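These notes are about the structure you will find just below.
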Amino acid sequence: QFNFGEILMTQVIHSIEYCLGCISNTASYLRLWALSLAHAQLSDVLWAMLMRVGLRVDTTYGVLLLLPVMALFAVLTIFILLIMEGLSAFLHAIRLHWVEFQNKFYVGAGTKFVPFSFSLLSSKFNNDDSMA
């Protein structure tokens, strides 16, 4: 029996869920963009706190000071910016792909998941043959 009110309500609910999903996905990917902005700001702070201080000294003492400052800058750049920030962005991107991208394919229709099994498949065919 065709019930227009029920179909209309179902479509309205699906439309609202779709719009909320789009907004949620956009916000999540904007979070990834914010991580890249934080990475750029951290790089600027690291440059201002270390290298600018070492480059301002003009004496021979400044040259001797610049070598350990450059080494410290290189170590902090590799450990903080490349490893920690890269790992953070990578994990966030993987989570986004899993959560936001997978919801495009999964629909919880109330059917219990049964993993594929050849033994269940052969018993299903045997039951179908006995009925015919």
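As the structure is a prediction and not an experimental result, all values here were calculated from the model.
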* Asked: Is the backbone N or O of His39 less than 3.5 Å from a side-chain atom of Ser43, with the two atoms forming a donor-acceptor pair by type?
  -> no
* Taking Thr77 for the side chain and Phe73 for the main chain, is one N or O donor matched with an acceptor at less than 3.5 Å? -> yes
* Structure fact -> With sequence neighbours left out, the residues meeting ring pair (Phe, Tyr, Trp, His ring centres under 6.0 Å) with Phe116 are Phe118
* Structure fact -> Besides Met49, the hydrophobic cluster formed by Ile, Leu, Val, Met, Phe, Trp and Tyr side chains linked at under 4.5 Å, directly or via other members, contains Val45
What distance separates [X] [atom1] from [Y] [atom2], expressed to the nearest 0.5 Å?
X	Y	atom1	atom2	result
Leu76	Leu42	CG	CG	9.5 Å
Ile16	His14	CD1	NE2	11.0 Å
Ser36	His92	OG	NE2	11.0 Å
Leu67	Leu72	CG	CG	12.5 Å
Gln11	Phe4	CD	CZ	10.0 Å
Leu30	Leu35	CG	CG	11.5 Å

* Asked: Can you name the closest pair of heavy atoms from Arg95 and Ser28 and give their distance?
  -> NH2-OG, 3.9 Å
Taking a hydrophobic cluster as the set of Ile, Leu, Val, Met, Phe, Trp and Tyr residues connected by side-chain heavy atoms closer than 4.5 Å, whether directly or through intermediates, do [X] and [Y] fall within one such cluster?
X	Y	value
Leu82	Val75	yes
Leu87	Ile80	no
Leu20	Val12	yes

* If you draw a 6.0 Å radius around CZ in Phe79, do more than 12 non-hydrogen atoms from other residues or ligands fall strictly inside? -> no
